[in-house]
Amino acid sequence: MSVADPAATRVMGVVNVTPDSFSDGGQWLDPELAIAHGRHLIAQGADLLDVGGESTRPGATRVPEDVELARVMPVVQGLAAEGAAISVDTMRASVAEKVLDAGTSCINDVSGGLADPEMPRLVADRGCDVIVSHWRGHSDVMSQRAGYDDVVADVARELEQRVTAFLEAGVRQDRIILDPGLGFAKNADANWQLLSHVEVFMATGHRVLVGASRKRFLGELLEHDGVPALPTYRDRATAAVSALMAARGVWAVRVHDVAGSVDAVRVGTAVRAAGEARFEQGRTGD
Ligand code: PMM
């Protein structure tokens, strides 16, 4: 890897086609606006776009399948026609099947295949990439399931079980991307622990994706007089996480503000490259 290798950690830009996402809800519900937003994120340097039609914020109620599909389908079709690399954020195999037909190359299942037992088989049949996140239940119950003995070990073990389910269904090992699922049944301390120990997930040999963008734990960190920072004021902290994760060598960061993370990833990648260069020098000097 060289210092000039900005692609070392990918930047995944979020296109939420929802009225109620905590981070950007309602902004891109019109398909034309969502497509324009995706185009803008690509121009800013996003390597791939994550299109979602169902909010997963704590307390959110599920949307019916036909509504989810109607939201994401025109956006996937429009962006795929422009050559964008697309993942779709869905927990439904039926939605995944249709968006794969429309040009999606990756399924981002925040439930890690737990919400829909058909998901592993579908992914195996289609041979696509899949993001397998750590998850303990839908938005209405997840905050009650945030208890851990050792959050890093517990999340690693539970994720391994989900990976096994995908492998047993016939998904290729190298198609599976791991995500510790920041904010999903996790309090702030748990999220910081998982970021701090991201190498535990990388040690599995799978690609690792981290989604810290605009999340509540960043708002809590940046509080003023006990009031958490609003989601859009969390972008600089998000970029800081992106730099740190790039320095550790994660495969991708999932963010709303792409421009900030593209620069941050270049910083982190340069730090990482410099460290590797010194290590290589040390080895040849032996
Ligand atoms: N976070 C959200 C939604 N989808 N997908 C993955 N793989 N990882 C995440 O951390 C994640 C996700 C939270 O909602 P948002 O779309 O408003 O950011």
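Looking at heavy atoms from C-beta onward, Glu199 lies in side-chain contact with His197 at the 4.5 angstrom threshold. Residues Arg71 and Pro19 are in side-chain contact: their nearest non-hydrogen atoms beyond the backbone lie under 4.5 Å apart. Between Val14 and Val255 the shortest side-chain heavy-atom distance does not fall below 4.5 Å. Looking only at side-chain heavy atoms (C-beta outward), Val130 and Ile177 stay at 4.5 Å or farther from each other. Taking 4.5 Å as the limit, some side-chain heavy atom of Leu100 sits within range of a side-chain heavy atom of Leu122. At least one side-chain heavy atom of Ile107 sits under 4.5 Å from a side-chain heavy atom of Val99. At least one side-chain heavy atom of His138 sits under 4.5 Å from a side-chain heavy atom of Arg62.
Here Lys186 pairs with His134 under the side-chain hydrogen bond (donor to acceptor under 3.5 Å, both in side chains) rule; sequence neighbours left out.
Between Ala84 and Ile42, the shortest heavy-atom contact is CB-CD1, 4.1 Å. The shortest non-hydrogen separation linking Arg248 to Met202 is O-CE, 3.0 Å. Residues Val15 and Gly38 share a closest heavy-atom pair of CG2-CA, 4.0 Å.
For the pair Arg136 and Tyr148, the cation-pi test (distance below 6.0 Å, angle within 45°) is passed.
Just one of Asp179, Asp89, Asp47 meets the salt bridge (charged side-chain N to carboxylate O under 4.0 Å, His left out) condition when paired with Arg254; it is Asp89.
Between the side chains of Asp50 and Ser87, at least one donor N or O sits under 3.5 Å from an acceptor N or O.
The number of heavy atoms from other shown groups lying within 6.0 Å of CZ (Arg126) is above 12. More than 12 heavy atoms of other residues, nucleotides or ligands shown are found within 6.0 angstrom of CZ on Arg175.
Ion pairing of Glu276 with Arg272 is present here, as a side-chain N (NZ or NE/NH1/NH2) and a carboxylate O approach within less than 4.0 Å.
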